[in-house]
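Working notes, beginning with the structure itself.
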Amino acid sequence: MTGLVLKDIRKSYGAVDVIHGIDLDIKQGEFIVFVGPSGCGKSTLLRMIAGLEEITGGDMTIDGERVNDVPPSKRGIAMVFQSYALYPHMTVFDNMAFGMRIAGESKEEIDRRVRSAADILQLTKYLDRLPKALSGGQRQRVAIGRAICRNPKVFLFDEPLSNLDAALRVATRIEIAKLNEQMADTTMIYVTHDQVEAMTLADRIVVLSAGHIEQVGPPLELYERPANLFVARFIGSPAMNIIPAKITSAGASTALELTGGRISSVDIPTAASELGKTASFGVRPEDLQITTGEDFLFEGTVSIVEALGEVTLLYIEGLVQGEPIIAKIPGILDVKRGDRVRFTADKAKLHLFDAAGKSYRAS
Amino acid sequence: MTGLVLKDIRKSYGAVDVIHGIDLDIKQGEFIVFVGPSGCGKSTLLRMIAGLEEITGGDMTIDGERVNDVPPSKRGIAMVFQSYALYPHMTVFDNMAFGMRIAGESKEEIDRRVRSAADILQLTKYLDRLPKALSGGQRQRVAIGRAICRNPKVFLFDEPLSNLDAALRVATRIEIAKLNEQMADTTMIYVTHDQVEAMTLADRIVVLSAGHIEQVGPPLELYERPANLFVARFIGSPAMNIIPAKITSAGASTALELTGGRISSVDIPTAASELGKTASFGVRPEDLQITTGEDFLFEGTVSIVEALGEVTLLYIEGLVQGEPIIAKIPGILDVKRGDRVRFTADKAKLHLFDAAGKSYRAS
Amino acid sequence: MQQLLFAIFTMVGGVLACVVYFFGTNFLLDKMFPSKGLTGAQASKNLRITNAIRPWLFMAPALFALTVYLVYPVFESVRLSFHNRSGQQFVGFSNFAWMINDGEFRQSIFNNFLWLLVVPALSTFFGLIVAALTDRIWWGNIAKTLIFMPMAISFVGAAVIWKFVYDYRAEGSEQIGILNAVVVAFGGTPEAWMTIPFWNNFFLMVILIWIQTGFAMVILSAALRGIPEETIEAAVIDGANGFQIFFKIMVPQIWGTIAVVWTTITILVLKVFDIVLAMTNGQWQTQVLANLMFDWMFRGGGDFGRGASIAVVIMILVIPIMVWNIRNATKEMEGH
Amino acid sequence: ADLKFQPGEDAKFNWQSFEDFKKGHDLKGQTLTIFGPWRGEDEALFKVVYAYFTEATGVEIKYSSSENYEQQIVIDTQAGSPPDVAILPQPGLIADLASKGHLTPLGDETKQWLLDNYAAGQSWVDLSTYKDKDGNAALFAFPYKIDVKSLVWYVPENFEDAGYEVPKTMEDLKALTEQIVADGGTPWCIGLGSGGATGWPATDWVEDLMLRTASPETYDKWVTNEIPFTDASVVGALDEFGWFAKNDKFVDGGAAAVASTDFRDSPKGLFASPPKCYLHHQASFIPSFFPEGTVVGEDADFFYMPPYASKPELGNPVLGAGTLAMITRDTPAARAFIEFLKTPIAHEVWMAQTSFLTPYKSANKEAYANAPMKKQGEILLDSTTFRFDGSDLMPGKIGAGAFWTGMVDFVGGKSAADVAGGVQKAWDAIK
Amino acid sequence: MIASSRSPLVFVVHLSVLLLVALWTLPTAGLLISSLRDKDQLAVSGWWTALSTSSQNLTGRAASPETQVERDGKFVIAGRLIEEGDTKVSAFGFRPLQPTAFEAGAEADIGDGQTLTVREDGSYEIVSPTKMEGTRGQRIFYTASVPPRFTLDNYREVLNAEGIGASFINSLTVAIPATIIPILVAAFCAYALAWMPFPGRAILIAVIVGLLVVPLQMSLIPLLRLYNGVGAFFGVPAKTYGGIWLAHMGFGLPLAVYLLRNYMAGLPREIMESARVDGASDFDIFVKIILPLSFPALASFAIFQFLWTWNDLLVAMVFLGAGNEELVLTGRLVNLLGSRGGNWEILTASAFITIVVPLIVFFSLQRYLVRGLLAGSVKGG
Ligand SMILES: Nc1ncnc2c1ncn2[C@@H]1O[C@H](COP(=O)(O)OP(=O)(O)OP(=O)(O)O)[C@@H](O)[C@H]1O
Ligand SMILES: Nc1ncnc2c1ncn2[C@@H]1O[C@H](COP(=O)(O)OP(=O)(O)OP(=O)(O)O)[C@@H](O)[C@H]1O
Ligand SMILES: [Mg+2]
Ligand SMILES: [Mg+2]
C-alpha cells in the first residue's frame, strides 16, 4: 500500500494562489502534522485532501487511486473539524451513527460500532445527550468518535484541540496519541498551531509557509536541525533567538562577529566563499545558560523576569533591534529586573543561517 | 487609598448559588489573577465587580465607597471582554473614543488620549479601520485600548488572550505586562485559564473553585507551597503527580508507604496524631529525575514518550489507578516505550497532603 | 409643485415629530435626573430612576398605537358581538347561536382549516426550497428577486394576474387562461376552475402561496446562511446526499425560524379575505371567515353584531399560537 | 366653472330652468360633498353636470367615489362622517341606511314632484320610500340616472344576412331562437361571470321574465318575500330562463359555459365572424364592452325584450336599475342639490353626453346624444310598469348572495325547484 | 462550495430553481405581456401567443358608397382593410356565415352585379356597374395572419389620466412616513422588550404577538369614530396624513415589533455591556449601537411595510378619504377602471406601474440585507 501521495498540488481562489505546488508522500499509518503560521494554507490543504475543496492543479492519489474527482464520502476519509461541527439537533449516538445510517448499515452493526467508539472515548454515559449539554472536551471527543465510526483509511484533524482549555487539551492529546496506536493502519493528518501537539504526536511534521513546504521531517530533526530560519523560528517556544552576525572566518568551524561586537565560533563548517558575508546566528532560549565566566556568548540587562516556577524566562532587550533575546533557565532564579547577566551555550546547540535564511548545517 | 474590597460577596441565580461568600482585599495598583476550573465563577465575580451583574449579598467597596448599587459607568472601571465586544460598525478610533464622547470630553482631549493609547498598543496605523479588517490580535489590542482610554481606577480582563494563537498570545501578554508597569496606580484584575499568563502577570493569584477561594498568594508561593491538593493540581503543567500514601511515621520528617509499596520520607513535619492515616504524596513532573541508583522514589514502565526537544515527557502508567504519572526531564532522552525507569526527586520539593486535601506544610 | 412642497413638508414634519419625541423625552429625562459627569450616590440613584423610566418612554408610542389601533377595537368587537345589527341593543349570545347554525359559517370554518393546513405549510416549504437552492447557484439573487416579486404586486394586480391564469372559455374556443390552455394542449377539456367546489379552495390558496413564498424565502434564506458550513461539510464527508443534507441537517437546525415564518403566515391566513373577495366572493363554497366577516360587516348596510362575532371567532382561533409564543418568550427570557 | 354647453346656446336644452334655479339659490362659499358610485368615464360625465350646479349656486362640490362604495358608505355613516349627499344604486343599502336613521326625508313636495314628472311615477315613489328608524315610511331618495335592462342586443346586418326579423312578442323571440338553431347557428350569448358577483346577469333575466309572466304586484311581493321564492310564479320564471340558458344548442359554448363566461366578454360573440351568436340580453351599459369602434344603432342595435302576446294584461313592463340620490347630512347645499336634480337641465346635460336615461317627462328627448339613447329613453317613457332590479331590492345576503349562487347552480344543472328552495332557505335564515 | 458540487445534482438544482422561477414568474409575465398588447387582442387570444403570428377572423367595413368613384363606366370603391404592414389576408367573404368563402385576390360576386376583391395586402375594391347607394359601407369578413403587435398605449392611457401625478405624490406622502415612523417606534419598543429589564416583559411580548391577528377591517369603524371625535374636539379635519400614518403604524406595529425584537435579542450581549461600561445610557446604546447593527432587520421590515402601505387601498380610503385631492395611486387606478370594471388593459398596465416603486425600494434596500454586519465584533462573529 502506498498511502497518500500529493503531486504538485495547487489551489487558487480565482486569481489568488493559495497553495503553490505541494509534493508529499505519506505512508500508510503515518501520523503527519501540518504546522505553519495563520493563513499559510494548512486548512486548505487538509480540505483538499478531504475533498471539500476542489483541487486546482496536480494529482492526489490514495492507495494508488487518483482521487481528485472522487467525492469526499468515497475517499475513505474521516475529518474532525476545528469547530467540532456536531449536528446540534442529534444526540451523541445519532451524531456518531449518522454516517453509517446514510450508508445503510444494519442496526446491530451501527450499535456495535458506536458503542465501541464510545467506549474508547469514555462517552458511553453521554450517548443520549444533545451536544449542547456537553462540555467542550466532551464535544470534541464526540467529533472524534464520529470520525472513528467511519472506520477511515485516512483520518484528518483540523486544529481539533484549539478550543479546549489547558487541562482538557493535554488529556485529549493523550487520547489521540492512544488512538493512533490502536489504529496503526490508519493514516492521520493533523493540523495544529500548537508546538507541543506537533512535537508529541507527529511521526513527521510538515512546516508550511505561504502555500509551500518549508521542511518535512520527524519532530526532533526539525527541532535540532531546522533547514532554514523560518523553521528555526517556528519550531520551539519561545522562538529561537536570532542575532545578526558576520562571518569572520570560515572552515570546519566558523567564527562570527555578533552584533554588539562579541566574537564567537560555532562548530559548523562553512565554505571559504562565505567569508565576510552576513549571517544569522541562532540559539534557543532553553539552550542558554547563565555564566559568570569570561567565555560568554553575550551579555545584557534583564528587562523582564517571568518566573513560571518550573522555569524562569529572562528577557534581554536592546541587544538585537526590535526583539528581546529570551533565555529560559530551569527552576526559580534570583535574577531581578536591571541585573546584567552573561549567557553562554553549548556549542553543539548553536545554529547558523546564511543571508537567505538557509541553514549552513542542513547539508 | 484602600483599593477594592470584597466582603462576603455572594451571588445566586434564582435558587442556584454560584458565588458562596468571597472575601478579598485588593490594594491599589495590584495585579490580581483569578484562575479556576471552567464554571467556578470567575467571570461572574468579575462581572459583579464591573457592575454588570447584581450582587446578591455582601459589600463591595472601591476606594472606601460602597459600590453595590453604583452603575458600571460610575465605578471607575474598564473591562476587556473575553469576546472583544468591539462595536463592529465603528472604526478603531471611534471604538476607543466612544466612552469619552458619551462623557462629553472635548475633541482635542479625545484625540490626545486615543492617540496615546494607540501608540502604546501600536495601533496608530489601524485607527481608521473597522474591526472586521483586523486580525485577532489587533482586535484584542483595540479592546484593551478602549479600556485604557477610560483611564480607569480598576482594569478588568476576562480571558483576554484565550482565542489567540500561541505567538500572538505571548506578544500580547508581554504588552499587558508593560501596561501594568506604565499604569502603576491602576488595579488590574485578570481572569484566565492559562497557567503561564497567571504565573507571569500576577502579583497575587486567586484560585477559585466552585464559588469560593481556595488560596490567594503570589505565583511562586502557590507553586511552591500549595495550600491544598486542589491548588497543587491546578497550578503547574502538567499537573503535580499525586500518589496515595500512608503515614508510617510522623515527626519532623515524615515517612510514607506509597501505593506500590515503596517507602519514602519527606522533610515535612507531621503531628503524631497523623500516624497511620492515609495521605496524598505529591511531586511535580519537572521535579522528577531519572536515577539508576537504589535510592529511587518509584519505578515504572514508560507507556508514552513525548519528546518536545527542549524537554521530554515520560508517562508511567499503572502505578496509580486511573492516571499516569508524568515526568518532565530536560533535553532529549534515549528512553523508549516499555523501558523501566526509576525516578527520584529532591526531598525539599516533595509535597504532602492530608486525607482532606490540606497541605501538611502550609501551616 | 405646491403639492410636492406640501408633501415634502408633511413627510419631513411627521418623521421629525417622531424623532423629536424620542430625543426630547430622553433629553428631558436626563436633564431631570442628571448622571453624566456626576459621581457618587446621587448619580447612581438618578441612573437607577432613569433606568426604570426609560423602557416606558421607549415603548410609550408603540403601546399607545397598539392600544388605540388594536386593543381598543378588540374590546369594541367583543362588545359588538353581543349586540344587534346596529350595535345598539344587547342580544346576549344570539349572534353566536346564529353562527353555529349557519351553514355558510360552518363552510367557512372548514375552508379556513383547509387554508391553515395548506397555505402556511406550502409557502414555508417553497420558501425554504427556494432559499436553499438559490444559495448554491450563481444566478440565485436574480431567482430570488423574481420569486419575491409577487409580494411587490398590488392586490389589484395580483387579482388580475390570477384571473388571467384561471380564465375559462367554452370548449372549442381559444383559451386565454394559461391553465386551461395547458389542459387543452394535453387533450383535456377546459374547466371553470373557480366553480369546482372543494378544489376551487386550492386554486385560491395557490394565489396566497404564490405571494407569501417570497416572504418565507427572505427570512428563511437569512436563517439558512446562519447554519455553520462545517456541519454541512461533515455531512458530506459522512456521505449524505443533497436531500439528506437538506432534510436531516439543515432543516432541523433552522426549525426555530421556520416556526416563526409559519406562525406569521398562519396569522395572515386567518386574516386573508381580499383574495377570496376578488376571485369568488365566497361563492361556489369558497367562503372563509375573514371574508364572511367582511360580508356581514359591510354588505347591505352591515350587521355589526354578526360581523363582530365572526371576528371574535377569528381571534379565538389564534389563542393556541399566542400560548405557544408566550412559552417561547419566557423560555428565551430565562436564557438571557 | 367650465361649462360644456354654454347656457343659452343650444335650444335643445331647457336653459330657462337653469336660470330659474340660479335665481333661487345663492349659496356662495359653501361646499357640498357628494359620494357616488361613478368612477372613470362616468365620473367625468357627472362632473360636467354638477359644474352647472356650481355655476348656479356657487357651491363647491367635492365628489368622491370608491370601488367599495358599498362598504365605504357604511363606514362613513357609521363613523359619523357621512358625505352631504350620497348617490347609490342599491335600494337595499338605502333601506338599511334609512332604518339606521342616517338619511333625511325629502318631504311630500318631492314625492308629489316624482308622481307628476316621472313616467310611471308611482313606481318611482315606491322605489324611493323607505322605513325610518321608527318604522315610519318616508321618501328618502331621488332617482336620478336610470338604466334599462329589458334590452336584447343584436347585429342588424347579421339579421339582414340571415333574413331574421326583430321579434315583437316573446313567442316570436322563442320561434326566432329555434329558427336560428335550425339554420345551424347559435342564437344566444349568455355569460354570468363577474368575479365575486358571478350570477347577477341571470337574475336580470329572471326578473325580466318574471315581469312578463306575473303581475307587478306579484313581483313586489317576491322581492319582499311576501310570497316565497318557491312560489310557482318564481319557479315558472326560472324555468322560462332555463328554456334559453340550459339548452346546449341555444347558447354559445353550451350550457356549461354560461356560468363561467364573463359577462363582459359574452357580447363579443355577436361580432365574431362567423357570429357565435345572434342575441344578447343585457342592460343599456353593455356597449362599453363592444369591440372598439362599434357604432350602436348601426353596427349593433337592440330591441325591447318583448312581452308575451298571450298576456296582454301585463302591458309593457320595463326592468331597470339606477342610482338614487339622498341627503345624508342636511345642509342647505344638499337640499339645493336635490332641487337641482329636479331641473330639466340637470338631466339634459347628461343626456347630451352618453349613458344616461331618465324617466323625467319634461326633459327634452331631443337632448339625447344619439338615436339609440333616445330609443332607450322612449322605452322608459313608454313603459307601463317600471320595476327596479329585484336582486338589488332584496336583502344583500339574498340579492347579492344566495340568488346569484342559486342561478349559477341552476345553469349548472340544478332544477328550478331545488334552486328556489335553497334561496328561500337562505332567506329564512336571515329573518 | 463543496468540491462534489460538480456532480449531476447541480443540474437538478439549476433545473428545479428554473422551474420554480418559471412557475412564479409565469403569471406575472402574462400580465406584463398582456399590458403591452392591443386591448382587443387581450381578450381573444392567450398572451403566450402574443409573439407568434396569429391567424384571425376579422371583420372590416368598406368605405361608404359616398366615396365611390367612376372608372371606366363602373363605380368603384377602393381602400384598405388594414394598415400597410406584415398583415396578410388569406381569405375573405361578405357573409358572416361564410367568412372564408373566397381566396385572397379572388373576385366575389356580392349581388346586383357588384364584385368584391380583397387582395393579400389588405386592399379591397368593390366594382359596381351602377351607382351604389346608402351611407354604410359593405361589411367584409376576412382571415388575416396578424403579426405580433405591441403597444404602449395602455401605459400611455394610464399615465395620462388626470390626477395621476398628484396621486403618486399622495401615495408617497402616505407611504414614506408610514414606513419610517413605525420602524422607529417599533425599534425603540423592540429594544426595550429585548434588552431592558422591567416587570411584565414576557406578557407584553405575548400580547403583541396576539395582536398580530386582529383583523384590520374590524378596527375601521371604532377608529374612524375616534378620529371624528378627536377631530371635532380640536376643530381639525378628521382625515389627515397624520391620521393615516398613525393608522398604518398601528396596524404594522405587531409584526414589526415581533420581527425586530427577535433580531435584536440575538445581538451579542457583550457589546451592550461594553457600551454600558463606557457610560452609555440605554438611549445612547440604542441610537449608536443597536440601530446601526439592526440594519438588516430594519431593511427587511422596511421593505414589507412599504409594500403594504404603498399597495394599500382600504386604509387610505377610510382614513384619508376618496376625494380627488387626497386619492392615493391605488385608489386612482381603481377609479380609472370605470364603474363597471373589466378594462383589463388598464388593469394590467396599472398593476405594472404600481409595482415599479416597490421594486425600486426592494432593490435599494436589498443590499442592506447582508450578513456579516457583526463581523469582527466578537470572537466567532
Ligand atoms: N474562499 C476563499 N477565497 C479567497 N481566499 C481564501 C479563501 N479561503 C481561504 N483563502 C485564503 O487562503 C489562505 C489559506 O487559508 P487557510 O484557511 O488554509 O489557512 P490556515 O493555514 O488554515 O490558517 P489558520 O491557521 O488561521 O487556520 C488564506 O490566506 C486565506 O485568506
Ligand atoms: N444566568 C445564569 N443562570 C444560572 N446559572 C448561571 C448563569 N450564569 C452563569 N451561571 C452559572 O454560574 C457558574 C459560574 O459561571 P462563570 O461564567 O462565572 O464561570 P467561569 O468561571 O467564568 O467559567 P469559564 O472559565 O468557563 O468562563 C457556572 O456554573 C454557570 O453555569
Ligand atoms: Mg485553518
Ligand atoms: Mg468565564
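A, B, ... follow the sequence lines: proteins, then strands. Residue 1 opens every chain.
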*Please work out whether the ring planes of Phe148(C) and Phe304(E) are parallel, tilted or perpendicular, with thresholds of 30° and 60°.*
tilted
*Let me see the working for Phe27(C) and Phe283(E) under ring pair (Phe, Tyr, Trp, His ring centres under 6.0 Å), right down to the final yes or no.*
CA-CA 9 Å; Phe27(C) 179 77; Phe283(E) 187 73; over 10 Å; no
*Could you tell me which portion of Val74(C) (side chain, backbone, both or neither) has an atom closer than 4.5 angstrom to a non-hydrogen atom of chain E?*
side chain
*Leu255(E), Val185(E), Thr354(E), Ile208(E): which one forms the most heavy-atom pairs within less than 4.5 Å of chain C?*
Val185(E)
*What heavy-atom pair brings Trp210(C) and Leu23(E) nearest, and what distance separates the two atoms?*
NE1-O, 4.5 Å
*What are the two closest non-hydrogen atoms of Met151(C) and Asn311(E), and how far apart are they?*
O-ND2, 4.2 Å
*What residue, out of Thr25(E), Leu246(E), Leu20(E), Ile176(E), has the most heavy-atom pairs lying under 4.5 Å from chain C?*
Leu246(E)
*Given the options Gly242(E), Ser34(E), Pro254(E), Pro222(E), which has more heavy-atom pairs under 4.5 Å with chain C than any of the others?*
Pro222(E)
*Who among Phe306(E), Trp308(E), Phe251(E) has the most heavy-atom pairs with chain C under 4.5 Å?*
Phe251(E)
*Top residue by heavy-atom pair count (under 4.5 Å) with chain C, among Tyr258(E), Trp47(E), Trp310(E), Tyr191(E)?*
Tyr258(E)
*asked:* Report which part of Ala132(C) has an atom under 4.5 Å of a heavy atom belonging to chain E: side chain, backbone, both, or neither.
replied: neither
_Per-residue contact mode, Phe215(C) against chain E (heavy atom under 4.5 angstrom)_ = both
*According to the interplanar angle, ranging from 0 to 90°, do the rings of Phe188(E) and Phe58(C) count as parallel (below 30°), tilted (30 to 60°) or perpendicular (above 60°)?*
perpendicular
_I need the minimum non-hydrogen distance between Leu66(C) and Gly250(E), along with the two atoms involved._
CD2-O, 4.3 Å
*Would you call the rings of Phe6(C) and Tyr241(E) parallel, tilted or perpendicular if under 30° counts as parallel and over 60° as perpendicular?*
tilted
*Under a 4.5 Å heavy-atom cut-off, does chain C meet the side chain of Asn170(E), its backbone, both or neither?*
both
